[in-house]
Protein chains: 2
Amino acid sequence: MTDRRPALRRDAERNRTRIVCAARELFAERGLGVGFNEVAHRAGVGVGTVYRRFADKPELVRAALEEPLDALVEVAARADEAARAWDGLELLLVRITDLLVDNLGLRDAALGGGAWELAAPATERIAEVMERLLARAHDEGDLRAGAGGEDVVMLLWLVTTLAEHAAEVRPALHRRYLQVLLDGLRSGPGRAALPEPLGPADVDAISRRWAAS
Amino acid sequence: MTDRRPALRRDAERNRTRIVCAARELFAERGLGVGFNEVAHRAGVGVGTVYRRFADKPELVRAALEEPLDALVEVAARADEAARAWDGLELLLVRITDLLVDNLGLRDAALGGGAWELAAPATERIAEVMERLLARAHDEGDLRAGAGGEDVVMLLWLVTTLAEHAAEVRPALHRRYLQVLLDGLRSGPGRAALPEPLGPADVDAISRRWAAS
DNA sequence: GGGGAAGCGGATCGACGCAATCCACTTCGG
DNA sequence: CCGAAGTGGATTGCGTCGATCCGCTTCCCC
């Protein structure tokens, strides 16, 4: 949390804080594609100042996403409480999508595959919880056969991408299609097996391409 | 079909054909964002030649998309045959998504809102058929309450965007999630009403933004 | 309160990609 | 064979983005 940084002059410290705040806002609004120039402008600071404090983008991203990443794993930690796994899964996914939609930078980091490895520990812990829930939901007969953790990642990409484009028109629209997708993943009468199963490597490749767009 | 163009010299006509073919391929692969430079290169022709034959992008797009647009409305025309509206709807959407996924330029034109008005007649005719099917499916109790034509557009955006990023990894993956979404839009026990209903104006605004990305 | 270190801003550079133009040259076809 | 039609692609102009550099300001300790 309190990383060991060399002590800064009072004004420099203040500017650093401003930069991190600006980056947090911009990353949240528009994803990790935002450039240093824009961050500097929003922080009311020259570009040089940003470059002096943060050598690379990963460094700035790390500073901006520390808290949101913690919030993400915390949400996952409280997902085991539901009596029925499916209910826990739904709640967890609603919360995760809300977090990712409110912070597109967090989305890029969490779903972006190896591109932003700083999120790896967080996503691994979440994947763990998720797999446990999925297995339980499957045992309890609620999860459609053939559906798995890979589908959750694709679902998150789909819903957050929609939210990205609908944000200024219908900020909460993503919930509508999250609902549709969840209902489609639930087991039910006359549900054919899903075609074209996915493996983890596929998901990784697709995520990488998606994040790069 | 056979538009009235001034007669061209034999070699010029051949080059025009090459350009249209190249544009068709490139638009299909990567959407309408492809530039004149690249079209010229793939056609084995100088940029100047492209600019001489096609004053603007819309003109080139029109030449490249005439056939695919016809195919699209033809598919819709044969969708009323199914005894049960829902079956016709599923089949129609499978066919439409296949067409749009195989031709991302067609997707951009068909879903892109006012940006590429050349597609308007086609999309209107399809929307007509679609609304009729949706109304019938609703009467027959298959369509989830609160779902409508606006959701179809969003569904197409979602599925084609996924296909765009998964194309090189799993070319047929879009069918998996089309299936999930369709199953989620079907009526069933315990299906809550969908939140955040959409209007046509919302869909238009979202489509415009999506197409611009 | 003075001086030197630390910090600052933003003009500026280079790379890149895309739209669009222009003209010396080639090719066609009557 | 010759003039009209057609051609290629270098080039210009524009906008974006990452990154650097240096003359000036501000801080803070002695």
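In what follows, every heavy atom counts, from backbone to side chain, and hydrogens, waters and symmetry copies are set aside. Naming: A, B, ... by sequence-line order, numbering from 1 per chain.
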Would the distance check show the side chain of Lys57(A) and the main-chain N or O of Val34(A) forming a donor-acceptor pair, the cut-off being under 3.5 Å? yes
Test your reading of the model: is there a side-chain donor-acceptor pair from Arg175(B) to the backbone of Val94(B), 3.5 Å cut-off? no
Below the 4.0 Å mark, does dG7(C) have OP1 or OP2 next to a side-chain nitrogen or oxygen of Arg16(A)? no
My understanding is that only residues two or more places apart in sequence, or in another chain, count here; which of them pass side chain to side chain contact (heavy atoms under 4.5 Å, CB included) with Glu164(B)? Leu104(B), Arg107(B)
Distance from Ile206(A) atom CD1 to Met154(A) atom CE, nearest 0.5 Å? 4.5 Å
Nucleotides 17-30 of chain D: protein proximity per nucleotide (B base, S sugar-phosphate only, - neither; heavy atom, under 4.0 Å): -BBBB----BSS--
Distance check: side-chain N/O of Asn15(B) vs OP1/OP2 of dG6(D), anything under 4.0 Å? no
I need the Arg16(B) CZ to Cys21(B) SG distance, nearest 0.5 Å. 10.5 Å
Closer than 3.5 angstrom, by distance alone: can the side chain of Asp202(B) be matched with the main-chain N or O of Gly199(B) as a donor-acceptor pair? yes
His41(A) NE2 to dG10(C) P: how many Å, rounded? 9 Å
Between dG9(C) atom C1' and Ile19(A) atom CD1, what is the distance in whole Å? 12 Å
